[in-house]
Amino acid sequence: MNQANSTTTLNFINGQYCDPISDGWLENINPADGTSLGKIANSTEQDVERAVIAAANAQPQWSESTLEQRSRILSKIGDLIEENLESLAIAESEDSGKPISRARTIEIPRAASNFHFFANAITQFSSESHESVGQNAINFTLRQPLGVVGCISPWNLPLYLFTWKIAPALAAGNCVIAKPSELTPRTAAMLGGLCNLAGLPAGVLNIIQGEGPRAGQALLEHEKIKAISFTGGTATGEHVARVVAPKFKKLSLELGGKNPNIIFADCNYERALETTIHSSFANQGQICLCGSRIFVESSIYEKFKTDLIARTTQLTVSHPANEETAIGAMVSGDHYRKVLSYFDEIDPTDASILCGGKPATVEGYEQGFYIEPTIIEVQNNQCRLNQEEIFGPVVTLMPFDNEEDLITMANDVKYGLSATIWTKDLDRTMRLSKKIECGVVWINTWLMRDLRTPFGGMKNSGVGREGGLEALRFFTEPKNICIAFED
Ligand code: TXE
């Protein structure tokens, strides 16, 4: 079955595409025009059970494969993603509404590099040893695969985040049951066929499609799944933690953000302005790292505001398949309505819309879910617009007078994922970086990623870190072995 050309998105279990046992299906809606892209398997615990059996059978052989064997297969999967870039980019853009140019140039290449990176990283992964000096003993740590692990990923960066979890899990010798979002299922399904072509043994990666509370929940509850790596909304993350904790599974949570984008008067103004357009509106603002709260030093506030509005209103909101589209469609009707609801509920004493703030009409695609890029000037950091993750093409703007006030506002939010700081003052970058409560700080840049670095958030943005050796540590169990020797 070639999932690239199919309108039916199936599960991928034990190296084969298969229907859901219950014969339950969902409809896959193209958010750019409201039409149906076909149907999606809506799996139940029966399908998860089938996948767990396949994974458990494949586990002994996979965990005993040499690092070179794993590395070669993972690298080949990365190559095949590159070779199939165009069909993957089209499916990704159709499922999610993201501009095709973004899928083609950023996200699908990044999915390939996730495999290439972990194909290399596993060959460099080593563990510690500790000589107990004077006690005639040496300790060393084995890093053993966990067994069968579960990976649950969201719809905003579908294949990119799906592979960000799967690649390290496989590299570390685990077998995987992975569930993409039911809103963006097709690139994940296509990955199954590519894994077969790359020679990944049957059962090592199993892909379960369907709704979170049904297929995802079955993953959380299955006794044989030893770890859950989850990326999604904070409310769902809270639920995941509650279900998984009493089962003592290892858990990694990468959740929402409400990140400050801080602009000082001494910054490289043009770069700060240009990058702020991206950090505000890339992927229609549906990235957990978007700088959705913009704080600008008072002395340049009015100028920055005028220039930001001018650039924002030039952005092309259009069908995602158009090459010139900067802002495509929101992922779904539900999410579109959720984002729009924030505009209806604005309290004029708190905030005023500077541009956007309404649906965008794209001629010929009136049933699509488009929103104008929106800037809202807010009076205080306590308002709902500055406290809740809107996850749309919406940013707020506020002046600040001094570092102390700024740090208070930056931290006065329940999230703690990332921060961006624009300044040429090195001392200030260090002072602020140490004080802002978040997992990632970008200075004079945004979303520049090096896959070796730890990635994740504090507070309600998550628990644990992904990326580089952190991911390989998460997907392995450290076991200390103490050997005594005689003189
Ligand atoms: O995501 P969910 P939703 C934020 C963003 C957005 C909000 C809600 O603010 O508006 O979350 O988005 C699976 N057991 N982010 O509701 O539900 C689900 O099927 C197991 C930030 O669409 O978190 C999907 O595969 N799994 C975020 C995955 O969880 C369950 C990216 C994420 O979906 C489940 C996306 C359950 N009971 C949204 N319920 C980020 N951090 O980047 C759902 N799922």
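When a ligand or atom number is given, it counts from 1 through the structure's own listing order. When reading the values below, keep in mind they use all heavy atoms of this one structure, side chains included, and skip hydrogens, waters and symmetry mates.
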Report summary line: Smallest heavy-atom separation, Cys175 atom then Gln59 atom, equals N-OE1, 2.9 Å
Requested in this report: Would you indicate whether Glu211, at its atom CD, is surrounded by more than 12 heavy atoms from other residues, nucleotides or ligands within a distance under 6.0 Å?
Outcome: yes
**Report entry** Within 6.0 angstrom of Lys250 NZ, more than 12 heavy atoms from elsewhere
**Finding:** yes
Are any of the N/O atoms in [X] less than 3.5 Å from those in ligand 1?
X	value
Thr231	no
Leu255	yes
Gly232	yes
Gly212	yes
Gly233	yes
Asn156	yes
Glu389	yes

Query - Centroid separation Phe474 to Trp164 less than 6.0 Å - result: no
Query raised in the report: Ring centroid separation for Phe12 and Tyr17, is it under 6.0 angstrom?
Result: yes
Query raised in the report: Is Glu389 paired with Lys258 through a side-chain N to carboxylate O contact shorter than 4.0 Å?
Result: no
Query raised in the report: Under 4.0 Å between a Lys/Arg side-chain N and an Asp/Glu carboxylate O for Glu94 and Arg186?
Result: yes
Requested in this report: Give a yes or no on whether the backbone of Gly150 and the side-chain of Lys165 come within a donor-acceptor separation of less than 3.5 Å.
Outcome: no
By number and element, which atoms of ligand 1 are closer than 4.0 Å to a non-hydrogen atom of [X]?
X	answer
Gln217	14 (N), 20 (C), 36 (C), 37 (N)
Lys179	18 (C), 19 (O), 25 (O)
Glu182	18 (C), 19 (O)

**Report entry** Contact check, Val240 vs ligand 1, heavy-atom distance below 4.0 Å
**Finding:** no
Report task. Tell me, please: is His335 in heavy-atom contact with ligand 1, that is, under 4.0 Å? Result -> yes
Distance flag for [atom], protein heavy atom under 4.0 Å:
atom	result
atom 29 (O) of ligand 1	yes
atom 2 (P) of ligand 1	yes
atom 8 (C) of ligand 1	no

Query raised in the report: What protein heavy atom sits nearest atom 20 (C) of ligand 1, and how far away is it?
Result: Gly216 C, 3.2 Å
Query - Nearest-neighbour protein heavy atom for atom 25 (O) of ligand 1, which is reported as residue plus atom name and distance - result: Ser153 O, 2.8 Å
Query raised in the report: Looking just at side-chain N and O atoms, do Thr35 and Asp33 make a donor-acceptor pair shorter than 3.5 Å?
Result: yes
Query raised in the report: How about His239 and Gln217: does a side-chain donor come under 3.5 Å of a side-chain acceptor?
Result: yes
How does [X] reach ligand 1, by side chain, by backbone, by both or by neither, if only non-hydrogen atoms under 4.0 Å count?
X	answer
Ile287	neither
Ala235	neither
Ala215	neither

Query - Aromatic Tyr342 / basic Arg384 pairing, under 6.0 angstrom, 45° off normal - result: yes
Query raised in the report: Is there side-chain contact between Glu221 and Val243, with heavy atoms separated by less than 4.5 Å?
Result: yes
